[in-house]
Amino acid sequence: MSQRIEQLSTDVSNKIAAGEVVERPASVVKELVENAIDAGAGRIEITCRQGGKELIQIKDDGHGIRSADAPLAWQRHATSKITGAEDLFCIKTLGFRGEALPSIAAVSDIQMLTRHVDEEIGTFLELRAGELTAHRDQAYPVGTTIMVNNLFYNTPARYKFLKTTATERRHIIDLVSNLALSNGEIAFKLVMDDEQVLLAQGTGKLEDAVLAVYGAEVAENMLWVEQGLGPYRLTGLVGRPEIARGNRNYETVFVNHRWVKDRLILAAVEKAYREFLPTKRFPVVVLNLSVPADLVDVNVHPAKAEVRFKDESMIFRLVITALEGVFKRNQLIQPFEIERTPIYHQARPVQQTQAAMDYGTATRYTPRQERMADTPSWEGIPRIQDESVVEDIHIIGQLWDTYILMADEESFWLIDQHAAAERINFDKLKTQWAASVDSGLARQALVVPIPLELPLAQGELINEHRGKLERLGFKVEPFGQSSFLLQEIPVALEMLRTSPGEIEATVEEILRQIEEEDDWENQALSSIACKAAIKANHRLQPTEMQGLVQNFKKTANPYTCPHGRPAILELSRKEVEKSFARR
Ligand code: ADP
Ligand code: MG
């Protein structure tokens with residue numbers, strides 16, 4: 001077959017481009033609304049029929065298009081937004097490829113009404129499958145309305161790929177929601193099949209946009225973020241853990257007010273939330289990252305959902321520190337008041353179960369003991385005058401040897417004793433860890449070293465990571481080929497001295513974390529915290545419950561265990577009364 005090489009006709013190349021830019025009705029809405037935003041619109045009305053398959057109409061009050069330019073806007077690579085290639089590295093508008101209008105026109109019938117601010121009279125334009133069929137003057141207010149009819153009617157193959165009307169509607173709603181969230185100063189109205197679906201007033205306040213899009217429950221549980229690092233600036237609202245969702249749909253990120261699916265930023269967000277959320281729960285966030293135009297490449301993908309940053313690690317760091325700062329300032333989740341004056345006076349003798357966790361005192365590195373002194377620790381379990389009251393919370397008792405029941409005037413709580421103890425231990429270990437980057441966690445020598453007989457590959461791992469293990473409190477000496485002797489263990493695990501099997505399992509678990517996990521430090525600390533914590537099905541004395549609750553209240557996050565499982569369950573009096581139909 002000797003086919004001649006020929007230039008594709010404009011019609012064919014527009015249809016190919018349409019395949020890239022116009023994937024579905026929502027992509028049309030996106031391109032047209034972005035054009036309206038670029039035109040300086042303050043009010044944008046979006047009307048759709050049949051999930052956009054029958055009609056998409058976008059009306060804006062932007063600067064409009066000059067009559068003479070109107071047909072040109074529908075030609076390929078016609079744009080008013082960049083002129084030379086050097087502009088590509090400094091893009092400030094949402095559009096720039098000059099591809100959207102011709103691509104959309106190639107696969108639909110178009111009507112446009114527009115009037116430029118500097119012109120007296122408006123313009124009417126009509127295109128059928130990309131061919132201009134009408135162009136005349138028509139009276140019209142300043143701004144632009146574009147109607148896209150019967151999308152994909154002339155490309156049946158693409159039409160077939162459209163999903164149900166409901167799915168296409170959902171995509172449009174998602175999109176307009178994102179646009180409203182990223183452009184708080186623009187009013188958005190979305191009407192679908194004659195029903196008003198969304199109305200954002202464009203007050204310029206992100207809270208209002210969040211309220212319009214997500215409703216009051218979410219809006220009332222958002223916290224402000226605002227932080228800069230170098231040339232970057234992160235602003236927005238992040239949700240309290242209580243309003244976390246079962247999927248990632250509520251994680252919205254913008255870069256320079258452009259919605260993006262940025263893995264880097266989302267990974268940083270989820271990392272910051274990890275300790276606060278159970279697994280498979282995802283935060284509600286609306287964040288905008290401001291980046292100088294020359295430090296980000298938005299020209300990665302035609303639909304422009306991806307961007308590339310010059311300095312990824314700095315952005316990652318900014319997101320993490322910004323969110324951690326917010327969580328700290330807001331003392332995330334206070335199931336009970338933390339700052340009340342304690343009513344206890346002197347320390348009480350340490351009991352047996354607590355002695356097991358009393359690793360704060362046995363530290364080998366004395367300088368850090370001062371620091372440890374002001375962090376909650378088990379040896380500091382106070383004597384409480386009234387045995388059943390911690391401040392004004394009444395400990396009612398222990399349920400099934402596993403949960404501590406408490407109540408005050410307003411609420412009723414169930415604390416998972418293991419998860420709470422784990423959290424307390426984790427905080428302590430983390431403080432120690434942070435305070436001693438070189439020497440690591442406090443270690444305790446074993447009178448009888450524990451032999452570690454590991455498979456060969458594990459032996460290799462131990463050799464490789466001995467330094468890290470030692471910092472985590474496990475001092476290991478080689479003892480023949482692929483055999484080791486565990487000489488010292490973390491003080492926190494002292495009570496496991498007599499269970500060598502458990503200690504060996506812990507070492508293996510930590511080796512895996514070091515090998516496989518990016519944040520192995522946190523993971524290893526939570527493994528140790530877990531092993532050191534009181535187990536479920538373990539009867540506690542009232543004073544032990546006191547101590548546990550007291551210390552749990554002081555932790556940074558009295559909400560989940562370090563693995564993210566919930567540690568406390570709260571039922572308000574209101575909810576109880578509602579359940580009994582008293583309200
Ligand atoms: P791009 O947005 O990449 O420049 P488009 O094909 O989306 O390319 O639009 C082509 C041109 O049409 C734009 O550069 C702009 O000048 C003009 N235009 C499109 N929509 C509007 C609008 N709603 N208001 C004013 N001008 C518009
Ligand atoms: Mg555009």
Side-chain angles (χ1 to χ4, degrees), residues 10 13-23 25-47 56-85 87-108 110-119 121-127 130 132 135 138 140-148 151 175-176 179 182-183 186-189 256-259 293 298-305:
T10 323
S13 59
N14 278 343
K15 276 184 181 159
I16 292 173
E20 280 198 318
V21 181
V22 191
E23 188 192 333
S27 358
V28 173
V29 177
K30 175 173 189 287
E31 293 296 336
L32 297 185
V33 172
E34 288 188 349
N35 281 345
I37 295 171
D38 284 344
R43 222 193 133 69
I44 301 174
E45 284 182 34
I46 302 127
T47 310
I56 296 167
Q57 176 187 301
I58 314 284
K59 179 172 185 222
D60 71 60
D61 61 355
H63 58 56
I65 306 175
R66 289 170 204 278
S67 174
D69 289 349
L72 204 59
W74 298 89
Q75 303 276 309
R76 279 206 90 188
H77 304 307
T79 178
S80 58
K81 299 170 192 173
I82 57 174
T83 46
D87 292 346
L88 267 182
F89 299 98
C90 196
I91 288 162
K92 297 202 181 73
T93 50
L94 295 167
F96 58 85
R97 292 166 172 265
E99 259 174 4
L101 295 191
S103 303
I104 295 165
V107 291
S108 63
I110 303 283
Q111 281 116 31
M112 175 167 88
L113 275 162
T114 184
R115 191 181 119 206
H116 194 264
V117 264
D118 297 341
E119 295 190 346
I121 186 125
T123 306
F124 172 79
L125 207 77
E126 189 175 67
L127 296 101
L132 189 64
H135 179 196
Q138 184 165 326
Y140 194 71
V142 173
T144 305
T145 296
I146 293 177
M147 268 181 270
V148 178
L151 187 64
L175 174 86
V176 177
L179 288 164
S182 58
N183 298 280
I186 299 176
F188 284 91
K189 181 163 145 187
N256 295 341
H257 297 284
R258 181 201 297 274
W259 177 76
V298 293
N299 195 13
V300 179
H301 184 267
K304 295 167 268 150

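Both counts, for ligands and for their atoms, begin at 1 and track the order of listing.
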Note to self: Checking Val29 against Val176 for the side chain to side chain contact (heavy atoms under 4.5 Å, CB included) test, could you report, in this order, the C-alpha distance in whole Å, the side-chain angles of both residues, the deciding distance, and whether it holds?
What the structure shows: CA-CA 8 Å; Val29 177; Val176 177; 4.2 Å; yes
Note to self: Run Arg66 and Asp118 through side chain to side chain contact (heavy atoms under 4.5 Å, CB included) and show every step you take.
What the structure shows: CA-CA 8 Å; Arg66 289 170 204 278; Asp118 297 341; 3.5 Å; yes
Next item on the list: Please lay out, stage by stage, how His116 and Ile65 fare under the test side chain to side chain contact (heavy atoms under 4.5 Å, CB included).
Entry: CA-CA 5 Å; His116 194 264; Ile65 306 175; 5.7 Å; no
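Under 4.0 angstrom from ligand 1, the non-hydrogen atoms of Asp60 all belong to its side chain. With a heavy-atom cut-off of 4.0 Å, Thr144 touches ligand 1 through its side chain alone.
Within the listing of ligand 1, atoms 25 (C) sit less than 4.0 angstrom from a heavy atom of Gly64. Each of the atoms 10 (C), 12 (O) of ligand 1 lies under 4.0 Å from some heavy atom of Ala73. Interface atoms of ligand 1 facing Ala100, defined by a heavy-atom separation under 4.0 Å, are 6 (O), 7 (O).
Of the listed residues (Asn35, Ile65, Leu32), the one carrying the non-hydrogen atom nearest atom 26 (N) of ligand 1 is Ile65. Of all the listed residues (Ala41, Ala39, Gly40), Ala39 holds the heavy atom that lies closest to atom 24 (N) of ligand 1.
Distances from ligand 1 to the non-hydrogen atoms of Glu31 include no value under 4.0 Å.
Remark: side-chain polar atoms of Glu119 are paired, donor with acceptor, to backbone N or O of Ser67 under 3.5 angstrom.
Salt bridge present: Glu34 and Lys30 bring a charged side-chain N and a carboxylate O closer than 4.0 Å.
The shortest non-hydrogen separation linking Asp60 to Ala36 is OD2-CB, 3.3 Å.
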